[in-house]
Amino acid sequence: MSLYQLKTYIEKSIEDQHNSHGYRAQSSFQMLEDVDLMIERYLSENPHDKGGILLNVFGLLQGLFVAIDALYDLAIGLTQYKYHVNINVNPTLHELKYIRNDIVGHPTHRTYPDGGIGFSLIDQSSISKEKLTYQTMIYEKNRMEVKSKEVIFKPLIEAYGKEKNIILKDILTYLKHEETETKIHEKIFTLYET
C-alpha cells in the first residue's frame, strides 16, 4: 500500500481550517514521507566510524518512534478515531518504544511508572549498522537489576513497514466506505427489551 493513495484525502481534509484534524493529518503524512526517506538513507549508507554509525542508529530509532506517533495522528486526523492503529499487536514495534527510550530518549536517567529509575549503556564494542547491545541498570526499592538487550535493526524496519502498510490500508478502506442506513440500533434496543 502506498502512502500516496491517501494524498487526495489529506488535501481535502485541510479545506476546513476551523478543524484541526486536517492539519494533524497533513503533518503526519509529511512526517511519514520524511521517515521513509530516512529509512532509505539508512539502508544505503555504510558508515564505518563509530560516530557515523551512532548517528544513523539514533536517527533510525527516533524516526521509527516518531513515525508510529504519526500513524496514530494520521488515523485521527483523517477519521477522528485512532482504533486503526494498535502498535501493541506487533511485539517488535511495541518493544521499539522501550528500546528508543532506553538508548535515545532517556539513557542517562529514565523513570519508570512504578518509581524505579534506570541508566543505559551501549556496548561500544558491539555496535554496528546491523545491531547493537545495551544494558540498563534499573534501581527500584534499594535494589539493582541489570537487563541486557540486543537490538537488530532489520526486523524493526521490516515490522514498521508491514504495520504501516496494514494501517494505511485500513484507513483507506475506512475513508472509501459509503455510509448506509441501518436498523441495527433499533434491533439491538428490541433485543435488549426482550
Side-chain angles (χ1 to χ4, degrees), residues 20-21 24-25 27-28 31-32 34-36 38-39 41-43 45 47-77 79-168 170-171:
S20 67
H21 290 294
R24 184 180 205 165
S27 174
S28 301
M31 184 49 59
L32 291 168
D34 291 347
V35 171
D36 285 349
M38 286 187 254
I39 291 170
R41 185 64 179 258
Y42 177 84
L43 294 172
E45 284 190 353
H48 297 289
D49 63 293
K50 198 173 290 185
I53 293 170
L54 283 168
L55 186 60
N56 279 357
V57 166
F58 275 52
L60 175 69
L61 291 173
Q62 185 65 20
L64 291 172
F65 188 83
V66 170
I68 291 168
D69 283 348
L71 287 168
Y72 276 104
D73 288 323
L74 181 67
I76 293 168
T79 70
Q80 284 76 56
Y81 303 104
K82 74 173 188 178
Y83 71 84
H84 301 281
V85 182
N86 186 357
I87 295 305
N88 295 327
V89 171
N90 185 312
T92 305
L93 291 183
H94 178 69
E95 196 169 0
L96 169 67
K97 62 184 173 183
Y98 297 104
I99 294 167
R100 178 266 180 192
N101 284 337
D102 283 344
I103 59 177
V104 176
H106 312 283
T108 62
H109 186 222
R110 181 164 177 210
T111 56
Y112 297 93
D114 57 5
I117 58 171
F119 311 96
S120 297
L121 295 168
I122 296 172
D123 178 358
Q124 297 292 317
S125 65
S126 74
I127 190 164
S128 70
K129 186 179 164 188
E130 290 76 31
K131 65 179 182 170
L132 68 77
T133 303
Y134 72 96
Q135 288 186 327
T136 302
M137 283 55 74
I138 301 171
Y139 289 87
E140 184 179 8
K141 298 178 184 158
N142 295 325
R143 72 177 188 88
M144 181 183 79
E145 178 184 2
V146 178
K147 292 186 178 182
S148 188
K149 177 88 179 133
E150 180 180 61
V151 182
I152 303 171
F153 302 115
K154 187 176 180 186
L156 284 178
I157 294 168
E158 290 171 350
Y160 165 73
K162 178 182 175 188
E163 289 302 313
K164 179 183 85 166
N165 289 334
I166 290 168
I167 292 163
L168 295 178
D170 287 350
I171 292 171

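All heavy atoms count here, side chains included; hydrogens, waters and symmetry mates do not.
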Looking at [atom1] of [X] and [atom2] of [Y], how far apart are the two atoms once the value is rounded to the nearest 0.5 Å?
| X | Y | atom1 | atom2 | result |
| --- | --- | --- | --- | --- |
| Asp69 | Leu64 | CG | CG | 11.5 Å |
| Leu71 | Leu168 | CG | CG | 6.0 Å |
| Met38 | Gln62 | CE | CD | 8.5 Å |
| Asp73 | Ile68 | CG | CD1 | 12.5 Å |

Item to check | Check: Thr92 side chain, Ala159 main-chain N or O, donor-acceptor pair, under 3.5 Å | outcome: no

Closest approach of [X] and [Y], non-hydrogen atoms and distance?
| X | Y | answer |
| --- | --- | --- |
| Arg24 | Ile76 | NH1-CG2, 3.2 Å |
| Ile117 | Tyr112 | C-CE1, 3.7 Å |
| Ala70 | Ser28 | O-CB, 3.3 Å |
| Ala67 | Leu32 | O-CD2, 3.6 Å |
| Gln80 | Gly77 | NE2-O, 3.5 Å |
| Glu130 | Tyr42 | N-OH, 4.5 Å |

Quick one: side chains of residues 145-157, donor-acceptor pairs under 3.5 Å with protein atoms, not counting sequence neighbours, listed by atom name and distance.
unit_1, atom_1, unit_2, atom_2, d
Lys149, NZ, Glu95, OE2, 2.5
Glu150, OE2, Lys131, NZ, 3.3

Does some side-chain heavy atom of [Y] sit less than 4.5 Å from a side-chain heavy atom of [X]?
| X | Y | answer |
| --- | --- | --- |
| Ile103 | Leu132 | yes |
| Phe119 | Met144 | no |
| Tyr160 | Ile39 | yes |
| Lys164 | Asp36 | yes |

Checklist entry - Can you tell which of Leu55, Asp49, Val57, Asn56 makes a side chain to side chain contact (heavy atoms under 4.5 Å, CB included) with Ile53? => result Val57

Give the table of side-chain donor-acceptor pairs shorter than 3.5 Å for residues 134-142, with sequence neighbours excluded, one pair per line with atom names and distance.
unit_1, atom_1, unit_2, atom_2, d
Tyr134, OH, Asp102, OD2, 2.7
Thr136, OG1, Ser120, OG, 2.7

